[in-house]
Amino acid sequence: MPDIRNIVILTGAGISAESGLATFRGPDGLWEGHRVEDVCTPEALARNPALVHRFYDERRAKLTEVTPNAAHAALAELDRAWPGELLIVTQNVDDLHERAGANRMLHMHGELMSALCAACGTSKPWHDALPPETPCPFCNAPALRPDIVFFGEMPYEMDRIDAALRDADLFVSIGTSGAVYPAAGFVQTARHIGARTLELNLDSSAGSIYFDETRTGPASVLVPDWVKEVLQL
Ligand code: NAD
Ligand code: ZN
């Protein structure tokens, strides 16, 4: 393997599937029985706040019943041990990476365990149910909403992600369908700057053609194997 110092890892719902969290599209194209348009857009939130808040309340409550799996643990180990730059960019809104112990990470699509004020833009940790019109502790507007980046909204920390991608020697995509932009385009940015690109997924994805290498199988097996490999470089 060529000299690798800086690593960017993109994770998606597939890395949390073996912890018991349903993936986005699932076998039936739904997220926990709901159409994406009904729970994952600003229009849905405006039209039916009760439904959207309840949906994320259920997802947040479910997090207390699940634990990180071997894939999250392996990435946390890599984060601890890797001497070069490392950034884990997750599209997931669960908190399994941080509960496994990862530090060099960010949530580009928001977090279930956070509430965002639609009036003043402040966010704060939130662990309980979040009824519509909950007042913001900072500005008092009855405007707290789930801190989730909906379709049509700007993902978080794109500048930091771009900077990490520009310096990357290796880009690894784990358990993501490669269907949601801008994350789906990271592999092309990484290739463009000359990084090696590796996909770890249960099956090959829409984006597989862009990767130097695709390994197929469950994340709980592929990720620990790959981390062992990379730490023995
Ligand atoms: P996706 O559901 O579109 O795709 C999941 C991918 O994971 C598929 O390519 C599938 O082949 C793969 N996969 C399934 N089981 C796997 C396993 N055991 N090991 C390895 N790969 C496996 O997920 P996505 O691309 O992350 O979709 C994006 C959106 O879904 C994100 O915006 C995210 O916020 C949202 N989402 C998050 C969660 C979560 O936080 N856990 C759950 C569902 C959806
Ligand atoms: Zn506010």
Ala190: what forms a side chain to side chain contact (heavy atoms under 4.5 Å, CB included) with it, not counting sequence neighbours? Leu165, Phe171, Ala195, Thr197
With Glu32 via side chain to side chain contact (heavy atoms under 4.5 Å, CB included) - residues at least two apart: Ala22, Phe55, Arg59
Show every ring-ring contact (aromatic ring centres under 6.0 Å, His included) that has at least one partner inside residues 88-122, sequence neighbours left out. His72-His97
Could you tell me whether Asp169 and Arg5 have a side-chain N and a carboxylate O separated by less than 4.0 Å? no
Using every non-hydrogen atom in the two residues, find where Pro135 and Leu144 come nearest and quote the distance to one decimal. O-CD1, 3.7 Å
Restricting to non-hydrogen atoms, name the atom on Gly84 and the atom on Asn6 that form the minimum distance, rounded to 0.1 Å. C-OD1, 4.4 Å
Checking Arg166 now: which residues fulfil salt bridge (charged side-chain N to carboxylate O under 4.0 Å, His left out) with it, not counting sequence neighbours? none
Under the salt bridge (charged side-chain N to carboxylate O under 4.0 Å, His left out) test, which residues partner Arg54, sequence neighbours left out? none
Check the pair Arg145, Glu153 against salt bridge (Lys or Arg N to Asp or Glu O under 4.0 Å), reporting the backbone distance first and the verdict last. CA-CA 14 Å; Arg145 54 164 272 188; Glu153 295 179 331; 2.9 Å; yes
Pairs involving residues 198-214, ordered by first then second residue, that meet salt bridge (charged side-chain N to carboxylate O under 4.0 Å, His left out) (sequence neighbours left out): Arg196-Glu213, Glu213-Arg215
Is the closest side-chain donor-acceptor distance between [X] and [Y] under 3.5 Å?
| X | Y | answer |
| --- | --- | --- |
| Asn69 | Ser19 | yes |
| Thr214 | Ser204 | no |
| Asp147 | Tyr56 | no |

Heavy-atom distance under 4.5 Å between the side chains of [X] and [Y], does that happen here?
| X | Y | value |
| --- | --- | --- |
| Leu21 | Leu96 | yes |
| Val230 | Leu78 | yes |
| Val180 | Gln91 | yes |

State the CD1-CG distance between Ile9 and Asp79, to the nearest 0.5 angstrom. 8.5 Å
Under the criterion side chain to side chain donor-acceptor pair (under 3.5 Å), which of Asp94, Thr23, Thr11 is the partner of Ser16? Asp94
Might you work through the side-chain contact (heavy atoms from CB on, under 4.5 Å) test for Ile174 and Leu222, ending with a clear yes or no? CA-CA 9 Å; Ile174 304 172; Leu222 293 185; over 6 Å; no
